[in-house]
Amino acid sequence: MSFVTVEDVFQSYDDRPILERVNVEVDEGEFAAIVGASGCGKSTFLRLLLAQERPSRGRVRIADAPPAKEPGLDRGIVFQKYSVFPHMTVRDNIVAGESLRSGWGRFFGRKSKAAKIRADETLARIGLDHVADHYPATLSGGMQQRLAIGQALAAKPRVLLLDEPFGALDPGTRLSMHDFLQELRAETGMTVFMVTHDLEEAFKLGDRVLVFDKPRWDPHDPSRYGATITYDFDARDGGIPFQKLQEDTHVLQANG
Ligand SMILES: Nc1ncnc2c1ncn2[C@@H]1O[C@H](COP(=O)(O)OP(=O)(O)O)[C@@H](O)[C@H]1O
Ligand SMILES: [Mg+2]
(Lines give C-alpha, C1' and ligand atoms only; values in the text may rest on other atoms or scores of the structure.)
(Ligands and ions follow the chains in the order given, each with its own letter.)
Protein backbone atom coordinates (compact mmCIF):
# COMPACT_ATOMS: atom_id res chain seq x y z
CA MET A 1 0.00 0.00 0.00
CA SER A 2 1.29 3.43 -0.80
CA PHE A 3 2.39 5.65 2.07
CA VAL A 4 1.66 9.07 0.60
CA THR A 5 -1.42 9.10 -1.62
CA VAL A 6 -2.53 12.12 -3.61
CA GLU A 7 -5.92 11.58 -5.23
CA ASP A 8 -7.41 13.82 -7.87
CA VAL A 9 -6.08 16.98 -6.27
CA PHE A 10 -6.97 20.41 -7.67
CA GLN A 11 -5.80 23.70 -6.20
CA SER A 12 -6.95 27.15 -7.29
CA TYR A 13 -6.27 30.63 -5.97
CA ASP A 14 -8.99 33.22 -6.66
CA ASP A 15 -10.49 30.88 -9.28
CA ARG A 16 -7.13 30.64 -11.02
CA PRO A 17 -6.24 26.94 -11.39
CA ILE A 18 -2.69 26.14 -10.25
CA LEU A 19 -2.81 22.36 -9.96
CA GLU A 20 -5.30 20.09 -11.66
CA ARG A 21 -6.01 16.41 -11.33
CA VAL A 22 -2.79 15.48 -9.53
CA ASN A 23 -2.54 11.80 -8.72
CA VAL A 24 0.50 10.11 -7.25
CA GLU A 25 1.35 7.29 -4.86
CA VAL A 26 4.66 7.20 -3.05
CA ASP A 27 5.88 4.32 -0.92
CA GLU A 28 7.41 4.71 2.50
CA GLY A 29 11.14 5.35 2.13
CA GLU A 30 10.90 6.50 -1.47
CA PHE A 31 12.64 9.65 -2.65
CA ALA A 32 10.53 11.65 -5.11
CA ALA A 33 12.34 14.49 -6.86
CA ILE A 34 10.07 17.17 -8.35
CA VAL A 35 10.96 19.36 -11.31
CA GLY A 36 8.96 21.83 -13.39
CA ALA A 37 8.85 25.39 -14.64
CA SER A 38 8.96 28.24 -12.18
CA GLY A 39 5.48 29.14 -10.95
CA CYS A 40 3.85 25.86 -12.01
CA GLY A 41 2.80 24.90 -8.48
CA LYS A 42 5.62 22.79 -7.00
CA SER A 43 5.74 24.71 -3.72
CA THR A 44 1.95 24.65 -3.65
CA PHE A 45 2.09 20.86 -3.94
CA LEU A 46 4.48 20.69 -0.95
CA ARG A 47 2.17 22.96 1.08
CA LEU A 48 -0.68 20.53 0.39
CA LEU A 49 1.47 17.64 1.65
CA LEU A 50 2.28 19.75 4.69
CA ALA A 51 -1.45 20.41 5.23
CA GLN A 52 -0.72 24.13 5.33
CA GLU A 53 -3.48 24.34 2.75
CA ARG A 54 -6.42 22.19 1.87
CA PRO A 55 -6.89 21.32 -1.79
CA SER A 56 -9.86 22.82 -3.66
CA ARG A 57 -10.71 19.25 -4.67
CA GLY A 58 -9.33 15.81 -4.02
CA ARG A 59 -7.45 14.49 -1.05
CA VAL A 60 -4.03 13.84 0.40
CA ARG A 61 -3.41 10.85 2.68
CA ILE A 62 -0.29 10.02 4.64
CA ALA A 63 -0.16 6.59 6.27
CA ASP A 64 -3.83 6.23 5.36
CA ALA A 65 -4.92 9.32 7.29
CA PRO A 66 -5.28 13.01 6.46
CA PRO A 67 -1.93 14.75 7.09
CA ALA A 68 -1.74 16.22 10.59
CA LYS A 69 -2.36 19.97 10.82
CA GLU A 70 0.56 20.55 13.17
CA PRO A 71 3.83 21.15 11.33
CA GLY A 72 6.56 18.74 12.26
CA LEU A 73 4.25 16.03 13.49
CA ASP A 74 4.88 13.66 10.64
CA ARG A 75 6.48 15.98 8.10
CA GLY A 76 9.43 18.33 8.28
CA ILE A 77 10.14 21.02 5.70
CA VAL A 78 13.29 22.79 4.54
CA PHE A 79 13.22 25.80 2.21
CA GLN A 80 15.84 27.20 -0.11
CA LYS A 81 16.49 30.18 2.12
CA TYR A 82 17.66 29.26 5.55
CA SER A 83 14.62 28.72 7.68
CA VAL A 84 16.48 28.62 10.98
CA PHE A 85 15.81 31.10 13.80
CA PRO A 86 18.52 33.80 13.66
CA HIS A 87 18.16 34.82 17.32
CA MET A 88 18.75 31.28 18.61
CA THR A 89 22.04 29.40 18.89
CA VAL A 90 22.66 26.41 16.66
CA ARG A 91 21.82 24.03 19.53
CA ASP A 92 18.61 25.88 20.44
CA ASN A 93 17.54 25.74 16.80
CA ILE A 94 17.66 21.95 16.98
CA VAL A 95 15.79 21.94 20.31
CA ALA A 96 13.16 24.20 18.71
CA GLY A 97 12.84 21.72 15.84
CA GLU A 98 12.10 18.87 18.21
CA SER A 99 9.66 20.98 20.22
CA LEU A 100 7.59 21.55 17.08
CA ARG A 101 6.70 17.91 17.39
CA SER A 102 6.15 17.61 21.11
CA GLY A 103 4.84 21.02 22.11
CA TRP A 104 6.89 23.86 23.57
CA GLY A 105 5.86 23.22 27.15
CA ARG A 106 7.85 20.07 27.31
CA PHE A 107 11.08 21.97 27.05
CA PHE A 108 10.79 24.06 30.18
CA GLY A 109 12.40 22.95 33.40
CA ARG A 110 14.07 19.61 33.84
CA LYS A 111 13.19 18.25 30.44
CA SER A 112 15.11 20.94 28.59
CA LYS A 113 18.38 19.35 29.69
CA ALA A 114 17.49 16.07 28.04
CA ALA A 115 16.40 17.97 24.93
CA LYS A 116 19.81 19.66 24.79
CA ILE A 117 21.58 16.31 25.03
CA ARG A 118 19.49 14.98 22.16
CA ALA A 119 20.18 18.17 20.20
CA ASP A 120 23.92 17.63 20.66
CA GLU A 121 23.55 14.10 19.26
CA THR A 122 21.80 15.51 16.20
CA LEU A 123 24.51 18.17 15.85
CA ALA A 124 27.22 15.52 15.94
CA ARG A 125 25.39 13.59 13.25
CA ILE A 126 25.18 16.61 10.95
CA GLY A 127 28.73 17.72 11.75
CA LEU A 128 27.85 20.93 13.56
CA ASP A 129 28.69 19.98 17.15
CA HIS A 130 31.70 22.32 17.16
CA VAL A 131 29.47 25.36 16.54
CA ALA A 132 26.62 24.45 18.93
CA ASP A 133 26.83 27.77 20.80
CA HIS A 134 27.22 29.95 17.72
CA TYR A 135 24.47 31.91 15.98
CA PRO A 136 23.37 30.94 12.44
CA ALA A 137 24.64 34.20 10.90
CA THR A 138 28.22 33.14 11.70
CA LEU A 139 27.89 29.90 9.68
CA SER A 140 28.53 29.30 5.98
CA GLY A 141 25.55 28.77 3.65
CA GLY A 142 26.14 25.01 3.56
CA MET A 143 26.30 24.81 7.35
CA GLN A 144 23.11 26.84 7.69
CA GLN A 145 21.32 24.47 5.31
CA ARG A 146 22.66 21.46 7.24
CA LEU A 147 21.26 23.10 10.37
CA ALA A 148 17.89 23.64 8.67
CA ILE A 149 17.78 19.95 7.70
CA GLY A 150 18.89 18.94 11.21
CA GLN A 151 16.14 21.09 12.66
CA ALA A 152 13.52 19.40 10.48
CA LEU A 153 14.94 15.97 11.36
CA ALA A 154 14.94 16.69 15.10
CA ALA A 155 11.18 16.23 15.05
CA LYS A 156 11.76 12.75 13.56
CA PRO A 157 9.38 13.28 10.65
CA ARG A 158 8.38 10.32 8.51
CA VAL A 159 8.26 12.60 5.49
CA LEU A 160 10.88 15.22 4.70
CA LEU A 161 9.82 17.99 2.31
CA LEU A 162 12.64 19.92 0.65
CA ASP A 163 11.86 23.02 -1.44
CA GLU A 164 14.94 23.76 -3.59
CA PRO A 165 17.09 23.23 -0.50
CA PHE A 166 20.47 23.51 -2.22
CA GLY A 167 19.61 26.13 -4.84
CA ALA A 168 21.52 28.92 -3.11
CA LEU A 169 24.69 26.89 -2.47
CA ASP A 170 27.89 26.80 -4.51
CA PRO A 171 28.51 23.60 -6.54
CA GLY A 172 31.07 22.08 -4.15
CA THR A 173 28.89 22.61 -1.10
CA ARG A 174 25.95 21.22 -3.01
CA LEU A 175 27.80 17.97 -3.71
CA SER A 176 28.67 17.52 -0.05
CA MET A 177 25.02 18.19 0.83
CA HIS A 178 24.04 15.40 -1.59
CA ASP A 179 26.29 12.98 0.32
CA PHE A 180 24.88 14.23 3.59
CA LEU A 181 21.28 13.76 2.45
CA GLN A 182 21.98 10.28 1.08
CA GLU A 183 23.57 9.22 4.37
CA LEU A 184 20.64 10.56 6.39
CA ARG A 185 18.22 8.79 4.16
CA ALA A 186 20.03 5.48 4.50
CA GLU A 187 20.04 5.94 8.29
CA THR A 188 16.42 6.98 8.76
CA GLY A 189 14.51 5.35 5.90
CA MET A 190 12.38 8.46 5.64
CA THR A 191 10.23 9.39 2.67
CA VAL A 192 11.49 12.48 0.83
CA PHE A 193 9.91 14.95 -1.59
CA MET A 194 12.49 17.34 -3.00
CA VAL A 195 11.77 20.19 -5.42
CA THR A 196 14.80 21.14 -7.48
CA HIS A 197 15.47 23.04 -10.69
CA ASP A 198 18.59 20.94 -11.26
CA LEU A 199 17.70 17.88 -13.39
CA GLU A 200 20.99 16.18 -12.69
CA GLU A 201 20.37 16.56 -8.96
CA ALA A 202 16.85 15.17 -9.40
CA PHE A 203 18.07 12.02 -11.18
CA LYS A 204 21.04 11.55 -8.87
CA LEU A 205 19.09 11.71 -5.60
CA GLY A 206 15.58 10.66 -6.61
CA ASP A 207 14.15 7.16 -6.91
CA ARG A 208 11.58 8.86 -9.07
CA VAL A 209 11.50 12.16 -10.88
CA LEU A 210 8.06 13.74 -11.09
CA VAL A 211 7.66 16.40 -13.77
CA PHE A 212 5.03 19.08 -13.17
CA ASP A 213 3.75 20.73 -16.33
CA LYS A 214 0.56 21.99 -17.96
CA PRO A 215 -0.95 19.31 -20.17
CA ARG A 216 -3.28 21.93 -21.66
CA TRP A 217 -2.12 25.35 -22.74
CA ASP A 218 -4.16 28.31 -23.98
CA PRO A 219 -1.79 30.72 -25.77
CA HIS A 220 -4.26 33.57 -25.29
CA ASP A 221 -4.68 32.90 -21.59
CA PRO A 222 -1.66 31.10 -20.07
CA SER A 223 -3.19 31.01 -16.59
CA ARG A 224 -6.35 29.28 -17.77
CA TYR A 225 -5.18 25.75 -16.95
CA GLY A 226 -3.25 24.26 -14.08
CA ALA A 227 -0.28 21.92 -13.95
CA THR A 228 -0.19 18.23 -13.13
CA ILE A 229 2.36 15.43 -13.05
CA THR A 230 3.04 14.79 -16.73
CA TYR A 231 5.98 12.38 -16.32
CA ASP A 232 6.94 10.01 -13.53
CA PHE A 233 10.42 8.69 -14.34
CA ASP A 234 12.00 5.73 -12.61
CA ALA A 235 15.40 7.08 -11.57
CA ARG A 236 16.67 4.12 -9.54
CA ASP A 237 20.14 2.98 -10.51
CA GLY A 238 20.47 6.08 -12.64
CA GLY A 239 17.17 5.37 -14.39
CA ILE A 240 16.80 6.71 -17.90
CA PRO A 241 20.16 8.11 -18.96
CA PHE A 242 20.23 11.80 -18.20
CA GLN A 243 21.81 12.67 -21.57
CA LYS A 244 19.10 10.89 -23.48
CA LEU A 245 16.41 12.79 -21.62
CA GLN A 246 17.96 16.07 -22.59
CA GLU A 247 17.88 15.11 -26.27
CA ASP A 248 14.46 13.54 -26.36
CA THR A 249 12.27 15.28 -23.89
CA HIS A 250 11.33 18.75 -24.92
CA VAL A 251 9.12 19.15 -21.88
CA LEU A 252 12.10 18.82 -19.58
CA GLN A 253 14.16 21.15 -21.73
CA ALA A 254 11.47 23.77 -21.74
CA ASN A 255 11.35 23.60 -17.97
CA GLY A 256 15.07 24.04 -17.73
N1 LIG B 1 -1.39 31.74 -1.41
C2 LIG B 1 -1.44 32.06 -2.72
N3 LIG B 1 -2.41 32.89 -3.18
C4 LIG B 1 -2.47 33.21 -4.50
N5 LIG B 1 -1.63 32.75 -5.43
C6 LIG B 1 -0.65 31.92 -5.03
C7 LIG B 1 -0.50 31.54 -3.66
N8 LIG B 1 0.56 30.70 -3.58
C9 LIG B 1 1.05 30.57 -4.82
N10 LIG B 1 0.33 31.29 -5.70
C11 LIG B 1 0.54 31.34 -7.15
O12 LIG B 1 0.47 30.00 -7.60
C13 LIG B 1 1.41 29.76 -8.63
C14 LIG B 1 2.30 28.60 -8.27
O15 LIG B 1 3.17 28.99 -7.25
P16 LIG B 1 4.25 28.02 -6.63
O17 LIG B 1 3.59 26.81 -6.08
O18 LIG B 1 5.05 28.83 -5.66
O19 LIG B 1 5.13 27.63 -7.91
P20 LIG B 1 6.58 26.95 -7.99
O21 LIG B 1 6.98 26.53 -6.62
O22 LIG B 1 6.42 25.82 -8.94
O23 LIG B 1 7.50 28.00 -8.55
C24 LIG B 1 2.14 31.06 -8.83
O25 LIG B 1 1.55 31.73 -9.91
C26 LIG B 1 1.90 31.82 -7.55
O27 LIG B 1 1.93 33.21 -7.78
MG1 LIG C 1 8.57 27.09 -5.44
Side-chain angles (χ1 to χ4, degrees), residues 4 6-24 26 31-60 62 67 69-71 75-84 141 144-145 148-149 151-152 157 159-169 174 177-178 181 191-203 205-206 208-233 235 245 249-256:
V4 177
V6 176
E7 272 175 16
D8 239 2
V9 158
F10 288 68
Q11 184 67 324
S12 304
Y13 298 120
D14 312 319
D15 288 332
R16 192 159 65 90
I18 304 296
L19 296 174
E20 57 180 47
R21 207 170 285 109
V22 178
N23 285 285
V24 68
V26 172
F31 191 126
I34 294 170
V35 298
S38 172
C40 76
K42 304 179 298 295
S43 296
T44 300
F45 180 71
L46 292 190
R47 285 198 301 276
L48 293 170
L49 294 180
L50 197 62
Q52 265 180 359
E53 290 174 16
R54 289 178 57 83
S56 314
R57 271 172 64 183
R59 63 175 194 167
V60 174
I62 297 178
K69 290 248 164 46
E70 297 79 15
R75 298 128 304 148
I77 187 154
V78 177
F79 301 99
Q80 172 173 356
K81 280 285 152 56
Y82 323 124
S83 46
V84 296
Q144 290 194 34
Q145 257 336 44
I149 291 174
Q151 188 187 64
V159 183
L160 182 65
L161 306 172
L162 301 167
D163 199 349
E164 305 196 22
F166 311 137
L169 304 177
R174 201 184 290 195
M177 294 300 288
H178 290 174
L181 187 56
T191 308
V192 184
F193 289 84
M194 180 188 72
V195 174
T196 175
H197 53 252
D198 180 343
L199 271 185
E200 209 168 338
E201 181 173 273
F203 276 88
L205 297 178
R208 291 158 71 179
V209 177
L210 309 177
V211 180
F212 279 68
D213 197 12
K214 294 187 180 192
R216 296 184 291 171
W217 178 258
D218 181 346
H220 303 293
D221 184 6
S223 65
R224 179 162 173 193
Y225 299 116
T228 190
I229 297 172
T230 52
Y231 290 86
D232 180 352
F233 291 109
L245 266 175
T249 312
H250 68 279
V251 177
L252 287 173
Q253 254 181 7
N255 286 329

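In each ligand, atom 1 is the first atom listed, and ligand 1 is the first ligand listed.
Scanning the protein heavy atoms around atom 18 (O) of ligand 1, the nearest turns out to be S43 CB, 3.7 Å. For atom 6 (C) of ligand 1, the closest non-hydrogen atom on the protein side is Y13 CD1, 3.1 Å. When hydrogens are left out, the protein atom nearest atom 19 (O) of ligand 1 is G41 N, 3.2 Å; that is the closest non-hydrogen contact. Of all protein heavy atoms, the one lying nearest to atom 26 (C) of ligand 1 is R16 NH2, 4.3 Å.
In terms of modelled atom types and a separation under 3.5 Å, the side chain of S56 and the main chain of S12 share a donor-acceptor contact. Formation of a donor-acceptor pair under 3.5 Å by the E20 side chain with backbone atoms of G226 is found in this model.
Residues A202 and V35 come closest through the heavy atom pair CB-CG1, 3.8 Å. Smallest separation of non-hydrogen atoms from M194 and P165: CG-CD, 4.0 Å. The minimum heavy-atom distance between N23 and D8, with the atom names listed, is OD1-N, 2.7 Å. Closest heavy-atom contact between L169 and R174: O-NH2, 3.6 Å.
At most 12 heavy atoms of other shown residues, nucleotides or ligands fall within 6.0 angstrom of atom CZ in R21.
Below 3.5 Å of separation, one finds no N or O of E53 facing any N or O of ligand 1.
Q11 and T44 form no side-chain donor-acceptor contact under 3.5 Å, judged by distance and modelled atom types alone.
The aromatic rings of F233 and F203 are tilted relative to each other, their planes meeting at an angle between 30° and 60°.
Comparing heavy-atom distances from atom 24 (C) of ligand 1 across S223, A37, A227, G39 singles out G39 as nearest. Of the candidates Q52, E164, K42, H197, the one placing a heavy atom closest to atom 22 (O) of ligand 1 is K42.
Using 4.0 Å as the threshold, G36 has no heavy atom nearer than that to any atom of ligand 1.
For ligand 1, the atoms closer than 4.0 angstrom to any heavy atom of S38 are 23 (O). Residue contact check: I18 has heavy atoms under 4.0 Å from atoms 12 (O), 13 (C), 14 (C) of ligand 1. Heavy-atom contacts of R47 reach the following atoms of ligand 1: 8 (N), 9 (C) (cutoff under 4.0 Å).
At least one N, O or S atom of S43 sits under 2.8 Å from the Mg ion (ligand 2).
Residue-level proximity to ligand 1 for T44 is carried by backbone and side chain together, each with a heavy atom below 4.0 angstrom.
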